[in-house]
Amino acid sequence: MKAAHPTSSRRRRVWPWVNGACLSLVGLVFALPLAWMLVTSFQSETDALSPGLDLPIDRPAAIISQAHQNYRTVLTDESVNFPLLFRNTIIVVSLGVTGTVVSSTIVAYGLARVRLPARRAMLAMTVVAMLIPFPLLMVPQFILYAKLGWIGTFLPLFAPFWFGNAFSIFLMYLFFRSLPAELEEAAQLDGCSAWTCFTRVALPLSKPAIAVIALLHFTFMWNDFLAPLVFLVDRDMFTVALGLHFYQSRAGQTPWTLLMAASVLTMLPVLMIFVLALRTFLVSTSAFRHASPETRSTSPGRASTSHRTAGRGAH
Amino acid sequence: MTSSRSSLWLRMLWVAPWMVGLALFYAVPLAMSLFFSLTDATMIEPPRFIGLDNYAALARDRVFWRCVANTAIYAAVAIPLAMILSLWLAALLSTRHALAKPVLLLVFAPTVVPLVAASMIWLWIFNSDHGLLNMLFTAAGATGPNWLTTHGWAMSALIIMSLWSVGQSVVIYLAALRDVPRPLIESASLEGLGRFRRFVHVVLPTIAPAILFNAIIQTITAWQVFAAPYIMTGGGPDRSTYFYSHYVYDQAFVFQHMGYAATLGWVQCLLLAVCIGAVYLCWRRLGDLR
């Protein structure tokens, strides 16, 4: 861009302003829905329905007492027992995430580093499993779980993950393939078995990758709507996502202020983890692409450097 | 590669959980589903073999065609819009501006918001009497439509809402843009290429794999849209936002036609495969054009 045209120096001064204006506008538009939800959850019903931003900013005590009242009304509502639903969701999600992390890591290491027959076929099946639409699976799975006596329990929501999860296995597989094989070869010369290589050499190096699959699976399970809708029958066993829908659609009108307060509560755990593990989240989305063998074969070394820059930029 | 000493059976233990999982939760259900699609199974009655009648019935099922059309329209509008928007956002966010990082967080945050909660927010925003959007319309001196209860507007509302969660594609594009070699861009600008032509002729070809990846992910997502329309419009008004996955759900768990729902599931798989093929061909053509 070095002064090819006489106007380019003026252009260079204008562009940051244009970018700044666009960025501010984009930030505003994307934040607005969340901000609006938060504002409504702090308002009284009449204020929420009147046009304009009716928030007594000059009287913070009034806002706090109204917010307290709204959130307490949601949490003590008898028709939807939100504390119980939170407990249910935490049970289901922690069991599901633990299962996924444990078995996907072991399976992925097996696929990446242990000499197995039909390894390519197993990998292909894993990719196909990722692509099968859930609506195709949910009908026969429901009948299968009904035959197993699992309907009416939490089992359909977390038990399958104890056998591995296609997406997590694939991500961990790509990660293990990207580790230098020399480390494990050296450990083997020292007399380590495959299992000790896995637990002593590979696992300590894969903490970031494990964090990625744990986080992605956590958000997936916390936010999932269709599987709980299909497999859960009893209202006392609902997850929060399902409970929120029920809270909105039950007979009698739920005021918008309370609905927004309930929405804030539902997304609070994921948003908190998102803020705490920002870096992991943003790297996770690009990890898939960066770790792909295609990228590595075309330019050795490029994948690792770009991974580093992506991580730095995201922080 | 590890130890040829340990026996094959011992080595297979590594992948044993996943092989059992694949068999139990994928292979068996898929086989069951294929069988059900050839029967008139309901939730209670034992299945009776009826051959390809379910597949033949699809041709006469007007609701089925309606859902295919709705999903196709949604995909045809929402995917290109999301592709353009996310590419533009990524280009904007890749500039070294002080605001780029905080704005990236705001763009990515909606992707971790549960769809049910997002639906509640947008129900409130699209509310025709007290919603934020129509309030802005009124402030500008216009009258906003009844978003979720008017034919056409309901679909637009769902598409607008879907654009709110483009964060994932943005991050993928952003990573791809960082991989574009700087010397390539500099030499292009030395040859006198302007910003726009530099983007089309130098940047786009380099990030082509990311474009294909995002397009395929979005095609898969579009064919499985369920929660937002189910919660916000219930498929209405007049079935104008009745999506494919919603129909499968209704056939299976509301009307309890398990056999027919299984058929719908297989056809969905087929349609998705066709769409991914079409996306791939479009992507190839785009490569030829430059």
Side-chain angles (χ1 to χ4, degrees), chain A residues 1 4 16 19-20 22-24 26-27 30-31 33 36-37 40 49 51 103 106-107 110-111 113-116 122 125 129 133-137 139-141 143-144 160 163-164 169 194 197 219 223 225-226 230 241 244-245 248 256 259-260 263 266-267 270 274 282 285-286 289 306 309-310, chain B residues 1-3 11 14-15 17-18 20-22 25-26 28-29 32-33 36 89 92 95 97 99-100 103 106-107 109-110 112-117 120-121 124-125 130 132 135 164 168 171-172 175 178-179 189 192 210 213 223-224 226-227 231 245 248 252-253 258 261-262 265-266 268-269 272:
Chain A
M1 240 208 279
N19 285 343
C22 287
L23 282 168
S24 320
V26 165
F30 275 84
W36 196 244
M37 163 190 68
T40 306
L49 292 181
S103 42
I106 295 172
V107 170
L111 287 174
R113 286 288 200 253
V114 180
R115 202 175 47 191
L116 295 168
M122 289 192 271
M125 281 193 286
F134 182 66
L136 173 59
L137 288 168
V139 179
Q141 277 184 353
I143 294 168
L144 180 70
F163 296 86
I169 290 174
C197 275
T219 17
N223 296 351
F225 177 67
L226 188 48
V230 169
L244 181 60
H245 168 59
Q248 178 245 339
W256 288 108
L259 201 55
M260 290 302 111
S263 304
T266 306
M267 67 176 74
V270 238
F274 167 66
L282 291 176
T285 321
S286 50
R289 222 179 56 74
S306 53
T309 30
Chain B
M1 286 288 160
T2 316
S3 66
R11 276 180 279 142
W14 283 96
V15 288
W18 182 227
V20 174
L22 272 178
F25 303 110
Y26 288 92
V28 169
M32 284 168 74
S33 174
F36 281 134
L89 285 174
L92 188 64
T95 55
H97 195 282
L99 281 174
V103 171
L106 292 176
V107 170
V112 299
V113 169
L115 257 174
V116 186
M120 298 305 152
I121 301 175
W124 177 217
I125 290 178
H130 310 286
L132 175 64
M135 224 152 80
W164 188 50
Q168 299 246 331
V171 176
I172 286 172
R178 287 207 176 91
D179 280 356
S189 63
F213 180 81
W223 272 98
Q224 298 189 50
F226 175 78
I231 292 166
S245 298
V248 181
F253 301 107
M258 296 310 226
W266 282 102
Q268 180 176 23
C269 218
L272 177 61

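Below, chains carry the letters A, B, ... as their sequence lines are ordered, and counting in each starts from 1. Worth saying up front: this structure is predicted, and the values here are computed from it rather than measured.
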Practice item. For side-chain contact (heavy atoms from CB on, under 4.5 Å), just list the numbers for Leu115(B) and Phe225(A), CA-CA rounded to whole Å, side-chain angles, deciding distance to a tenth of an Å, and then say yes or no. Key: CA-CA 8 Å; Leu115(B) 257 174; Phe225(A) 177 67; 5.8 Å; no
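Of the possible polar contacts, one joining the Gln141(A) side chain to the Phe25(B) backbone as a donor-acceptor pair under 3.5 Å is found. In terms of modelled atom types and a separation under 3.5 Å, the side chain of Gln268(B) and the main chain of Leu136(A) share no donor-acceptor contact. Within the 3.5 Å criterion, the main-chain N or O of Val112(B) finds a donor-acceptor partner in the side chain of Asn223(A). Judged purely by atom type and a 3.5 angstrom limit, Arg11(B) uses its side chain to pair as donor or acceptor with the backbone of Arg115(A).
For Leu22(B), the part lying under 4.5 angstrom from a heavy atom of chain A is the side chain only. Looking at Met120(B), the atoms closer than 4.5 Å to chain A (heavy atoms on both sides) sit in the backbone and in the side chain alike. Heavy-atom distances place both the backbone and the side chain of Leu92(B) under 4.5 Å from chain A. Within the 4.5 angstrom heavy-atom criterion, only side-chain atoms of Phe253(B), from C-beta onward, approach chain A. With a threshold of 4.5 angstrom between heavy atoms, Leu132(B) approaches chain A through its backbone and through its side chain.
Separation of atoms CD1 (Ile121(B)) and CE (Met37(A)) is listed at 4.5 Å; rounding is to 0.5 Å. Between the CE atom in Met32(B) and the CD1 atom in Ile143(A) there is a gap of 5.0 Å [rounded to 0.5 Å]. One finds the CG atom of Leu144(A) at 12.0 Å from the OG atom of Ser33(B) (value rounded to the nearest 0.5 Å). To the nearest 0.5 Å, atoms CH2 (Trp18(B)) and CE (Met125(A)) are separated by 9.5 Å.
When the candidates Val248(B), Val107(B), Leu89(B) are compared by the number of heavy-atom contacts under 4.5 Å with chain A, Val107(B) comes out ahead. When Pro33(A), Ala129(A), Ser103(A) are compared by the number of non-hydrogen pairs under 4.5 Å with chain B, Pro33(A) comes out ahead. Ranked by non-hydrogen atom pairs under 4.5 Å with chain B, the options Thr266(A), Leu259(A), Ile106(A) are led by Ile106(A). For the set Gly110(A), Gly20(A), Pro135(A), the entry with the most heavy-atom pairs within less than 4.5 Å of chain B is Pro135(A).
In terms of heavy-atom proximity, Phe163(A) sits nearest to Gly21(B) at CB-CA, 3.5 Å. Of all heavy-atom pairs spanning Ser24(A) and Leu99(B), the tightest one is OG-CD1, 3.6 Å. Met267(A) and Pro114(B) get closest at one heavy-atom pair: CB-CD, 3.6 Å. The shortest non-hydrogen separation linking Ala241(A) to Val116(B) is O-CG1, 3.4 Å. Summarising the geometry of Phe30(A) relative to Leu106(B), their closest heavy-atom pair is CB-O, 3.7 Å, with the distance given to 0.1 Å. Of all non-hydrogen atoms in Phe134(A) and Gln224(B), the two that sit nearest each other are N-OE1, 3.3 Å.
Looking at Val113(B) and Val270(A), their side chains never come closer than 4.5 Å, going by heavy atoms from C-beta outward. At least one side-chain heavy atom of Trp124(B) sits under 4.5 Å from a side-chain heavy atom of Met260(A). Looking at Pro133(A) and Trp223(B), their side chains never come closer than 4.5 Å, going by heavy atoms from C-beta outward.
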